[in-house]
Amino acid sequence: MNWSDMLHIVFILLVYLTSLVFFIVSSLLVKKYLARRNLTLKYLTRSLYMIFLAQVSMSVGLTLDYLNLKITQGNLNIFIALFTWLIFMTLANVFIVMFITTIFIDENNQVIITLTALNALPLGLFLPYISFSNVLYTQHKYSVLYFVIISLLTYFLYFIKCLSAMRTTKNKQVEAGFKFMMLYALFMIMGFITFAFSLRFEFLNNAIYSPVFFFNQVFMILAAIFAYLGFIYPEWVKRITA
Amino acid sequence: MVILSCLLEVIKIISQNTFLQIILLSIEGIIALVMSYLSLKLFIAFRQRQKKPIFFLSEGMIFLTIGIWISFIGLFLSYHAESSAKGTYYAITSYALLYFTLAVSNIYIYAFIEHTFFNANHERLFYIASIEGVALGLMITRIRLLPDVDKLNPFVIVYHVSIAFGIYLLLTIVSWNEQKRTNIRKAKYGLRFIMLFALFQALAYIVLFIGMFNYYKFGFIPAFPIILFAILELLASIFGYFGYILPSWIQNFLNITTQEVK
């Protein structure tokens, strides 16, 4: 096994680790949701589960790519993995919009429906292109670009809302919770930015095992950790922030 | 099946006739103008009353009107195209844009239903907005900047039409049930008009679907279903306007007072 092979395996394992972290966090959130039956928790859990599914599809795609298992002529595992990743991430974004609007913009239905429709739109853009053709991405890079922009805007809105909520509250524990939520949004933003960069420079050359995508996965893991700290809010964090 | 084939043959003959095309184009233009007026009136009503249902209804109407204007421009361009391929391209593109605006309109119409008949449930609004958002995405993939004829996927049309039909069928049913329940005569008439609005909208979508069926059968989009669609949309808009505004002359005509009747 040479150095490059080692790097590939480490990278694939990292993607699997991201999936695992998201699975653990979302499962913990489900437990909390079942105890509280809170609508915001319901949407957040769904969003995190969708990210978990996206990561699973990506890791399976990468594994197949590494093992060079071919479904059709040419190696399309990466493209299939990418588009299923995009679809699951779009669904995750729709649920995160539901979460943001339920927690912060409760009354303005105009904003709710506009944001939801705009976030669900990439799903319509990607759905017709799940086929066995490696010209997919090059033909539809604007769809991917739209997805990245709308995701960034959504998480940026989330970040801003958390920031303003954090400033108005006087309760230290609530403030710490909002801080973690803000960090979750921040790392998701960074994740989307690195994803856009990795697509621009790497997917086109079919060379995804690179530092940019590596950072993407690291940011995703950090986002999951802050989601855990912000929403599960374990006892040891309470003690620290008290 | 025989009746449908005859109907499609008639559509084909009508759409190949230039004189009729001009008449149909003029009708479409007039409809677009009237709908613009009605949308504006509804929007003014919203500005005066500041009620959410009127806002959503007026937004829905505005997007419908934009759709009708787009189809009018598409028809006009397709009649004046240099070649039949380009003509079909204009018709297809305007059709895709029309669907796009209709998908936006449907989101607002559903919000109108939620605010009028239900408890403005956020979750349902989320799901309908998501479903229509997917329809918007599907439409965008069908809009091309270059002549590229065979790009309207039947799945996209079936998806869009069935959701729109479902929304208007729901509105028909809830307004029918509500008008049976109420004893206030004015509200009863208002709800009946809203029911007619929804019914004509649902019919308009069936016509639009027939238009697409014609495209897959014969390879072109005739003007007839588009015009019929616009006429049904016009009737729907008039009833929608009556349903919420109920002008005084209609009230006098129907002898409506604010008193309750048994």
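Below, chain A is the first sequence line, B the second, and so on; all start at residue 1. Keep in mind that the numbers below use all heavy atoms, side chains included, and drop hydrogens, waters and symmetry copies.
There is no contact between A:Leu118 and chain B, counting heavy-atom distances below 4.5 Å. With a 4.5 angstrom heavy-atom cutoff, B:Tyr110 does not touch chain A via any of its atoms. Using a 4.5 Å cut-off between heavy atoms, A:Tyr146 makes no contact with chain B at all. Both the backbone and the side chain of B:Glu123 come within less than 4.5 Å of a heavy atom of chain A.
Residue B:Lys41 qualifies as open at atom NZ: its count of foreign heavy atoms under 6.0 Å is 12 or below. For B:Tyr37, the OH atom sits in a loose shell: 12 or fewer heavy atoms of surrounding residues, nucleotides or ligands are nearer than 6.0 Å.
In this structure, CD1 in A:Ile113 is found 10.5 Å from CD in B:Glu132, a value given to the nearest 0.5 Å. Distance CG/A:Leu123 to CD1/B:Ile131: 11.0 Å, rounded to 0.5 Å. To the nearest 0.5 Å, the span separating OG1 on A:Thr114 from OH on B:Tyr108 amounts to 4.5 Å.
A pairwise comparison of heavy atoms in B:Ser130 and A:Ala120 identifies O-CB, 3.2 Å as the closest pair.
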